[in-house]
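Per chain, numbering begins at 1; letters A, B, ... match sequence-line order.
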2 protein chains.
Amino acid sequence: MSPADMPQARGERRKRSDARRNAQTLLDAAAAVFARAGIDAPVRDIAAEAGVGMGTVYRHFPTRPDLVVAVFRHQVDALAATPAGASGENPENPYEALRSWVARFTDFLVTKHGLPEALHSDQAGLESLHAEFVDRLVPVLDRLLRACVDAGRIRADVRPLDLMIAIGNLCIGADTFPGYRARHMVDVLLAGLLHHAPAPTDADRPRTPTAP
Amino acid sequence: MSPADMPQARGERRKRSDARRNAQTLLDAAAAVFARAGIDAPVRDIAAEAGVGMGTVYRHFPTRPDLVVAVFRHQVDALAATPAGASGENPENPYEALRSWVARFTDFLVTKHGLPEALHSDQAGLESLHAEFVDRLVPVLDRLLRACVDAGRIRADVRPLDLMIAIGNLCIGADTFPGYRARHMVDVLLAGLLHHAPAPTDADRPRTPTAP
DNA sequence: GAATATATGGAGCAATGCTCCGCTTGGCAA
DNA sequence: TTGCCAAGCGGAGCATTGCTCCATATATTC
């Protein structure tokens with residue numbers, strides 16, 4: 001996890017060693033507390049976990065969302081970097097490339113308790129978190145979508161931003177609401193992008209309703 | 001707007017007249033404040049709008065969500081009652097019946113600032129609001145979906161609950177996030193239910209990509 | 001008109017995000 | 001090594017907000 005440092009970047013004075021250490025301690029503590037108690041965990045708890053005072057938290061991360069953003073930044077970066085990498089874009093089957101990236105995105109969201117909810121601003125200045133996601137991930141989705149459209153696989157009237165927010169939204173409640181299958185609904189949404197039906201073989205479509 | 005009364009229903013003593021009046025005043029005030037300031041408006045503000053004290057609010061609606069539920073109940077009822085009524089189920093085209101009901105549902109959600117967000121419990125005991133929606137609307141969706149499945153129009157692996165929550169989720173941020181087109185994404189989701197391409201007539205599906 | 005159950009209002013409590021400020025300390029110069 | 005001081009720190013305290021408590025006020029009944 002990269003420290004919130006990069007201190008001397010523009011000739012600024014290098015931060016004091018204890019400050020750098022505390023910033024890192026806070027990031028680790030926040031990650032731990034978020035994982036344990038969800039993203040809405042009180043700042044006090046994070047300060048306590050890190051063994052520092054409230055003032056120290058707010059010195060390093062002026063607002064609660066800043067801390068959240070910092071904690072998730074590198075994970076978002078990883079997500080943003082993916083398509084060019086291992087499970088990257090597949091010129092043969094752009095739709096599968098889209099699906100596979102979206103699956104990773106969905107996994108990420110579903111795993112972090114409360115993250116998808118937090119992406120919605122009206123809470124308390126979480127706009128920066130939202131902005132982070134938009135800035136990093138919309139370009140990726142844009143590429144993936146464009147490839148599909150160019151290949152004539154999907155409809156052209158869905159914008160990357162629409163899709164990103166929609167996926168994020170569909171993941172809300174994935175961990176808190178028992179019967180709800182977020183991943184499945186993301187899949188349905190992606191199917192809705194296609195010009196044609198998903199069913200590769202007719203066997204996939206039972207005539208008699210099946211309880212999933 | 002039906003008062004929160006039905007007082008003598010089971011031989012219970014009829015509430016005092018001032019109490020009944022205040023309950024109604026509170027409902028009206030809450031509706032006004034919610035419309036003006038969103039669903040997260042402080043209880044104090046609602047009490048002030050109604051010209052009563054905090055204690056009075058909590059006497060009538062033991063918890064904040066109870067008040068929210070009461071305000072929206074009759075609208076939810078209307079939604080639940082629809083399919084048997086005017087724009088009701090269409091045996092000729094069950095998918096269109098589904099679409100038209102979902103459109104009404106979506107309109108409702110998009111209109112009420114903060115309602116879709118509020119449907120997600122982990123905030124502060126909004127479970128009852130959620131429960132209200134589930135109890136009233138899942139049966140409706142069940143009927144609509146079943147009709148589509150029976151007609152062989154849509155996949156059978158989507159449960160009413162999944163769909164209801166998914167639609168609610170897609171509406172989140174509709175009013176707060178500028179570029180996001182919630183209604184459109186609900187439409188895409190519904191298209192994802194279909195076995196075949198959305199186009200009922202081929203004219204509906206342009207081959208050349210269209211900018212939204 | 002008195003008695004009584006019912007209802008009211010608003011001070012106060014607890015949780016939580018964030019600020020303020022006096023004290024502490026790392027890093028540098030002598 | 002020593003001493004200075006800006007950078008950093010801790011935590012009390014403020015504001016907001018959901019909710020509780022109870023002394024007071026009032027509708028209803030006889």
Can you identify which nucleotide, out of dT8(C), dG8(D), dG17(C), has its nearest atom closest to the Arg64(A) side chain? dG17(C)
Partners of Asp66(B) by side-chain hydrogen bond (donor to acceptor under 3.5 Å, both in side chains), sequence neighbours excluded? none
With a 4.0 Å limit, can you tell me whether Thr56(A) has a side-chain N or O closer than that to the phosphate oxygens OP1/OP2 of dG8(D)? no
Asp45(B) or Arg59(B): which one's nearest nucleotide on DNA chain D is closer to the 5' end? Asp45(B)
Any side-chain to backbone donor/acceptor pair from Arg136(A) onto Ala78(A)? Under 3.5 Å, distance only. no
Measure the acute angle between the ring planes of Phe105(B) and Phe133(B), then classify it against the limits of 30° and 60° as parallel, tilted or perpendicular. tilted
Atom pairs under 3.5 Å: protein N/O with N/O of nucleotides 26-28 of chain D:
| unit_1 | atom_1 | unit_2 | atom_2 | d |
| --- | --- | --- | --- | --- |
| dT26(D) | O2 | Arg16(B) | NH1 | 2.9 |
| dT26(D) | O2 | Arg16(B) | NH2 | 3.4 |
| dA27(D) | O4' | Arg16(B) | NE | 3.2 |
| dA27(D) | O3' | Ser17(B) | OG | 3.3 |
| dT28(D) | OP1 | Ser17(B) | N | 3.2 |
| dT28(D) | OP1 | Ser17(B) | OG | 3.4 |

Nearest-angstrom distance from the residue atom OH of Tyr58(B) to P of dA7(C): 19 Å
Taking only the side-chain heavy atoms of Ala19(B) (C-beta and beyond), determine which of dC19(D), dA7(C), dC9(D) contains the nearest atom. dA7(C)
Polar-atom pairs under 3.5 Å, protein N or O versus N or O of nucleotides 11-13 of chain C: list them with distances, or write none.
| unit_1 | atom_1 | unit_2 | atom_2 | d |
| --- | --- | --- | --- | --- |
| dG12(C) | O6 | Arg44(B) | NH2 | 3.2 |

Axis bend over the full length of the helix from dG1(C)-dC30(D) to dA30(C)-dT1(D), computed from five pairs that close each end, to 10 degrees: 10°
Sidechain N-carboxylate O distance under 4.0 Å for Arg146(A), Asp142(A): yes
Check whether any side-chain nitrogen or oxygen of Asn22(A) sits under 4.0 Å from OP1 or OP2 of dC9(D), and answer yes or no. yes
I need the CD1-P distance between Ile39(A) and dT16(C), as an integer number of Å. 16 Å
Can you name the residues that form a side-chain hydrogen bond (donor to acceptor under 3.5 Å, both in side chains) with Asp187(A), not counting sequence neighbours? Arg99(A)
Measure the distance from CD1 on Ile46(B) to P on dG9(C) and round it to the nearest whole Å. 15 Å
Worked check of side-chain contact (heavy atoms from CB on, under 4.5 Å) between Leu163(B) and Met185(A): CA-CA 8 Å; Leu163(B) 186 58; Met185(A) 296 317 286; 4.1 Å; yes
Checking Asp107(B) now: which residues fulfil side-chain hydrogen bond (donor to acceptor under 3.5 Å, both in side chains) with it, not counting sequence neighbours? Arg183(B)
If only atom types and distance count, is the side chain of Trp101(A) paired as donor or acceptor with the main-chain N or O of Val140(A) below 3.5 Å? no
Would you call Arg159(B)-Asp162(B) a salt bridge at under 4.0 Å N-O? yes
Give a yes or no on whether Arg36(B) atom CZ has more than 12 heavy-atom contacts from other residues, nucleotides or ligands under 6.0 Å away. yes
Using ring centroids (six-membered ring only for Trp), state whether His113(A) and Phe34(A) fall under 6.0 Å. no
Does His60(B) place a side-chain N or O at less than 4.0 Å from the phosphate oxygens OP1/OP2 of dT8(C)? yes
